[in-house]
Colleague: 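Encoded as structure tokens, here's the structure I'll be asking about.
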Amino acid sequence: MKTIIAANWKMNKTRAQAEDMTREVVASLKEQPVTDRTVLIFPPATALDCVSKDAGNVLETGIQNIYPAENGAFTGEIAPCMVHDAGGSWVLVGHSERRHIFNEPDDLITQKVNFTLAHDLKMMLCVGETLEERDAGQLRQVLSRQITSGLSGQGNAAVPSIAVAYEPVWAIGTGRTAGPAEIVEAHGIIRDVLRILFNKDADEVPILYGGSVKPGNAHEILSLDNVNGLLIGGASLEAQSFLAIVRA
Ligand code: PGA
């Protein structure tokens with residue numbers, strides 16, 4: 001499986017800023033190709049079309065959130081057909097900021113997963129425990145619940161369109177990265193749960209780590225067992241920093 005290096009720009013960048021950075025990243029990837037990795041950007045929805053237009057076959061793009069309906073009276077929401085229209089091929093589902101700031105419950109996340117995959121888009125499901133859950137010894141229970149409920153509607157045919165991102169909530173944007181042993185333990189739990197759902201096909205699902213990834217720690221994290229990629233927030237906002245991670 002190809003390692004996935006994914007940028008989550010969150011609520012950052014105007015269209016002009018997004019275009020500038022995309023051009024710099026694309027120029028670098030054309031000059032010095034990285035063939036064994038998928039490079040993916042989740043820009044804010046307003047910039048998805050311009051990032052997709054400039055992606056030049058070296059980048060994949062996607063949306064940070066979706067609503068599980070074809071269209072209709074859902075003020076502020078975005079439907080799968082609009083993601084296709086803006087050139088995106090991925091959807092990020094269940095990011096901890098969606099779960100915790102916007103109170104998205106597990107059943108809504110499951111609907112989003114199902115709707116995304118039913119509309120020919122690839123889906124990255126984010127999971128991860130809070131510090132309180134970790135301290136209470138609930139790591140396995142929380143990851144198992146989030147994955148089982150998120151992927152409960154999926155059979156093995158969906159496996160090629162699924163990725164999972166492990167993002168411990170306490171490591172996101174805090175500068176505190178999970179240590180190697182913590183990452184290996186969590187990714188191992190996720191692989192176990194995926195095997196319960198998909199048997200041996202589970203080994204084809206990429207598991208990304210996210211949470212304060214930087215150029216200085218990317219290589220070490222990528223070398224860990226069951227780490228098949230990275231999801232990067234803060235350090236993905238600047239071209240040279242993101243490219244350093246892409247090439248780590
Ligand atoms: P961070 O964000 O790299 O800024 O910690 C990661 C994420 O939330 O995807």
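Predicted model, so just to flag it, every value in this text is computed and none were measured. All residue numbers in this chain count up from 1 along the given sequence. We count ligands from 1, going down the list as the structure has it; atoms in each ligand are counted the same way.
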Colleague: When you measure from the heavy atoms of His95 to every atom of ligand 1, does any distance fall below 4.0 Å?
Modeller: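 Right, His95 reaches ligand 1.
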Colleague: How are the rings of Tyr166 and Tyr209 set relative to one another: parallel (under 30°), tilted (30 to 60°) or perpendicular (over 60°)?
Modeller: tilted
Colleague: Check for me whether Gly173 has a heavy atom closer than 4.0 Å to any atom of ligand 1.
Modeller: yes
Colleague: Ion pair present between Lys13 and Asp20, side-chain N to carboxylate O less than 4.0 angstrom?
Modeller: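 No, Lys13 and Asp20 are not salt-bridged.
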Colleague: Under 4.0 angstrom from ligand 1, any heavy atom of Gly210?
Modeller: no
Colleague: What atoms of ligand 1 come closer than 4.0 angstrom to any heavy atom of Leu231?
Modeller: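 Heavy-atom distances to Leu231 below 4.0 Å select 9 (O).
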Colleague: Consider every N or O of Gly234 and every N or O of ligand 1, then say whether any pair is closer than 3.5 Å.
Modeller: yes
Colleague: Tell me whether Arg145 is salt-bridged to Asp106, with the criterion being a basic N under 4.0 Å from an acidic carboxylate O.
Modeller: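 Counted as a salt bridge, because a side-chain N and a carboxylate O are separated by less than 4.0 Å.
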Colleague: Testing the basics here: between Ser212 and Arg176, what is the closest heavy-atom pair and its distance to 0.1 Å?
Modeller: OG-N, 3.6 Å
Colleague: With a 4.0 Å cut-off, would you call Arg99 and Glu104 a salt bridge?
Modeller: no
Colleague: Tell me whether ligand 1 is touched by Ala171 - counting only heavy atoms on the residue side and a distance under 4.0 Å.
Modeller: yes
Colleague: Would Glu182 and Arg134 pass as an ion pair if we require N to O under 4.0 Å?
Modeller: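 Salt bridge between Glu182 and Arg134, a charged N being under 4.0 Å from a carboxylate O: yes.
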Colleague: In terms of relative ring orientation, are Trp90 and Phe42 parallel, tilted or perpendicular, with 30° and 60° separating the classes?
Modeller: perpendicular
Colleague: Using a 4.0 Å cut-off to any heavy atom of Asn8, which atoms of ligand 1 qualify?
Modeller: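 Ligand 1 atoms under the 4.0 Å threshold to Asn8: 9 (O).
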Colleague: In terms of residue, atom name and distance, what is the protein heavy atom nearest to atom 9 (O) of ligand 1?
Modeller: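 Among all protein heavy atoms, the one nearest atom 9 (O) of ligand 1 is Glu167 OE2, 2.7 Å.
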Colleague: For atom 2 (O) of ligand 1, which protein heavy atom lies nearest, and how many Å away is it?
Modeller: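 Minimum-distance protein heavy atom for atom 2 (O) of ligand 1 reads Lys10 NZ, 3.2 Å.
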Colleague: Quick check on Asp36: does its CG atom have over 12 non-hydrogen neighbours (other residues, nucleotides or ligands) under 6.0 Å away?
Modeller: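 Buried by this count: over 12 neighbours within 6.0 Å.
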Colleague: Could you list the atoms of ligand 1 found under 4.0 angstrom from a heavy atom of Gly211?
Modeller: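 Result: 5 (O).
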Colleague: Which protein non-hydrogen atom lies closest to atom 3 (O) of ligand 1, naming both residue and atom, and how far is it?
Modeller: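 Closest protein heavy atom to atom 3 (O) of ligand 1: Gly233 N, 2.9 Å.
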